[in-house]
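Report on the following structure.
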Amino acid sequence: MKKKIANWGNYPVVISEEQSFTLEEEARASLEGMDSVIGRGNGRCYGDASLGDTTFGTLKFDKVLSFDRGQGIFTCESGITLDQILKIIVPSGWFLPVTPGTKFITVGGAVASDVHGKNHHVDGAFSNHVVSMDILVASGKVLTCSGSLLPDLFEATCGGMGLTGLILRVSFRLKKIESSYIRQKQIKATNLDHVLSLFEQYRHYTYSVAWIDCLKKGNHFGRSILILGEHATRSELSPSQTRDPLKLPRQTQFVFPFTMPSFVLNPITVKAFNFLVYNKNFMPEMDSVVSYEPFFYPLDSFLHWNRAYGKAGFVQYQFVLPFESKTALIEIMTKISDQGMGSFLTVLKTFGPQQSIISFPMEGYTLAMDFPVRRGLFAFLDQLDRIVLEHGGRIYLSKDARMSPEVFWNSYRDADRFMEIVRRYNPEYKFRSMQSDRLLLTKI
Amino acid sequence: MPSALILGASSDMALAIARTFGAGGYDLILCGRKVSRLAPMQSDLEIRFGVRAFLAEFDAEDPGSHQAFYDSLGQRPDVAICVMGFMPGEKPAEQDWKTVERTILVNYTGAVSILNLIAADFASIGKGTIVGISSVAGLRGRQSNYIYGSAKAGFLTYLSGLRNRLYPMGIHVVTVLPGFVRTRMTENLPLPPLLTAEPAEVGKAVFQAVKQKKNLIYVRWFWRWIMLLIRLIPESRFKKMKL
């Protein structure tokens, strides 16, 4: 049945036919009669990556196939969400090797976007932990691939936005933990230079991310709070935490009840919000032991927080720049501050090196922010794109809804090689999305 | 550990029910045709909930095989849940006798056949709960869905009689009228969101009904009142309506 769908940014909204399946044979049978389709999990990418005339909804394809509690290897169907996986693995002393800022994404989505977390500089992206996967390719065959088996398919599927085929099953390595708690350190940084030097100073921390105030000018330009974390050992827990060291966090959920009118978000409210966030930390440095939930997923307790951006929706803009391009980072932040376009949550983080052909992460700084869709925004973002491009950076496809094909092809240097592999497994572009059409990846 | 037998385990509703009982600590016996397809569901239930899950080949459309099927289980479940259903597709069922026959066989004859055997077995030890998934479509025949509706109506009446007969023996029977549920069976129907339950809600409702010994449940509460209104419409009026 045709219905209106959109991803997390509520932009764009399209009419699409969603086909769900519970068994592999159902997916194979449906694929036969389809001209074009794209896999779609929980719709938590922001832009148009998992949108198309027809989508393969994977949420009913969500079975756990095996869990080796000794070795920490987890194998599942692609439609299971990280939220469900955590409930299974944490009580056994295991954690996700890499997690993005929401647990409401599917494993298939984690691979297709090759998601990164606060530990990228130490542990790499999600694909770094994948042992093997099964892909339903355009011919109707199901192929198993890994680093050594059909490595081309494996490599082009990680971060490949679903263009090689439908990801059916994934086997990946988990991370051993002693407790479900995080030993957290928060440090206030007075400006951008300060926070960048703190990132350097604390780079041995497994998890690091900074919330940054994009609207502040002058001496306090780029003031931020650096948040660092390590999985807490048992000896670091308080007596009450020690009683059940692998306890699952309680789920408190607040549902954002309505779509907020767009005018509520303006430079004044954003400034006030930033003031509160920055000043809620009285001390320059704060240490605590907290549950993994608020540390990794602070926004997950607000269901539908995307409604705060109004009916027109929003885009999230995330780019990465090489470390040597600090001036470009400053240039972009200055433009945002001058335009008063700052978003509620702007997040800065460092990436470690990553070898891949189409995945987003590369060594450098990454900045992510939300912008409500309004007149002039796309022209403004085009200006930022140019700076990113000139300095050898690129833009995250999972957040993108508007980048031009020129920017894409000039910033993803291996895109040709990527498409060569895609054509091996998807020669007629049966698997294609609005995004791949927009970026001229799948235009015949 | 208590155990639950799920007849017709491959549907979305069956999975949701199995997961709720698994979370409640029940071992599960998953029954259906070509049951090896359900191996992923078996591992899923075992890993998520630390219970045991078994697969058993069962063909609702072949009543002659039911005794052998039930004997082969090798264990007596505490709860038997009859989930299987067959709703004919877009083409009106009455044009094709095979489809009509199959609708009656899966939704009524097959269900009665297997539940008769289970009821007799439960009666022999004076213990057990039987759950039957009927349908609100069984409460009044509508032109769009009356073959399915009449088979479900027969099943509804059967469950009521069974409950009456087994009550003195200490065996409880639950009738479930789910209303609209978002499953593969209804994927291509335009369903009103407020009236449409998620499969997980059905799972929870069935589990609660078994625990609390409810006789007849609807999943979303307003269905009780909607169906009451629909049944109050005089037949002289009803026959002219396009439903």
Worksheet item: Looking at A:K87, A:E26, A:E24, A:E77, which one has more heavy-atom pairs under 4.5 Å with chain B than the rest?
Response: A:E26

Worksheet item: Checking heavy atoms, do the side chain of B:R182, its backbone, both or neither come under 4.5 Å from chain A?
Response: backbone

Worksheet item: Within a reach of under 6.0 Å around NZ of A:K2, are more than 12 heavy atoms found that belong to other residues, nucleotides or ligands?
Response: yes

Item to complete: Measure the spacing between OG of A:S20 and CG of B:D12 and express it to the nearest 0.5 Å.
Response: 7.0 Å

Worksheet item: For B:Q208, does the CD atom sit with more than 12 other heavy atoms under 6.0 Å from it, leaving out its own atoms?
Response: yes

Discussion item. Taking side chain as everything from C-beta outward and backbone as N, CA, C, O, which of these in B:L45 sits under 4.5 Å from a heavy atom of chain A? Side chain, backbone, both or neither.
Written reply: neither

Item to complete: Would you indicate whether the side-chain heavy atoms of B:K34 and A:L23 approach each other to under 4.5 Å?
Response: no

Discussion item. Taking side chain as everything from C-beta outward and backbone as N, CA, C, O, which of these in B:S11 sits under 4.5 Å from a heavy atom of chain A? Side chain, backbone, both or neither.
Written reply: neither

Item to complete: Give, as side chain, backbone, both or neither, the part of A:I88 having an atom under 4.5 angstrom from any heavy atom of chain B.
Response: side chain

Worksheet item: Does A:K63 reach the side chain of B:L15, with side-chain heavy atoms less than 4.5 Å apart?
Response: yes

Practice prompt. Return yes when atom CD of A:E32 has more than 12 non-hydrogen atoms of other residues, nucleotides or ligands closer than 6.0 Å, and no otherwise.
Written response: no

Fill in: Residue A:K176 excluded, over 12 heavy atoms near NZ under 6.0 Å
yes

Discussion item. Give me the atom names and distance for the closest heavy-atom approach of B:D44 to A:D62.
Written reply: OD1-O, 3.6 Å

Worksheet item: Can you name the closest pair of heavy atoms from B:R48 and A:I80 and give their distance?
Response: NH2-CD1, 3.4 Å

Response to the item:
Tightest non-hydrogen contact, residues B:S43 and A:V64, listed as OG-O, 2.7 Å

Practice prompt. Report the option among B:R19, B:M41, B:E46 that has the most heavy-atom pairs separated by less than 4.5 Å from atoms of chain A.
Written response: B:R19

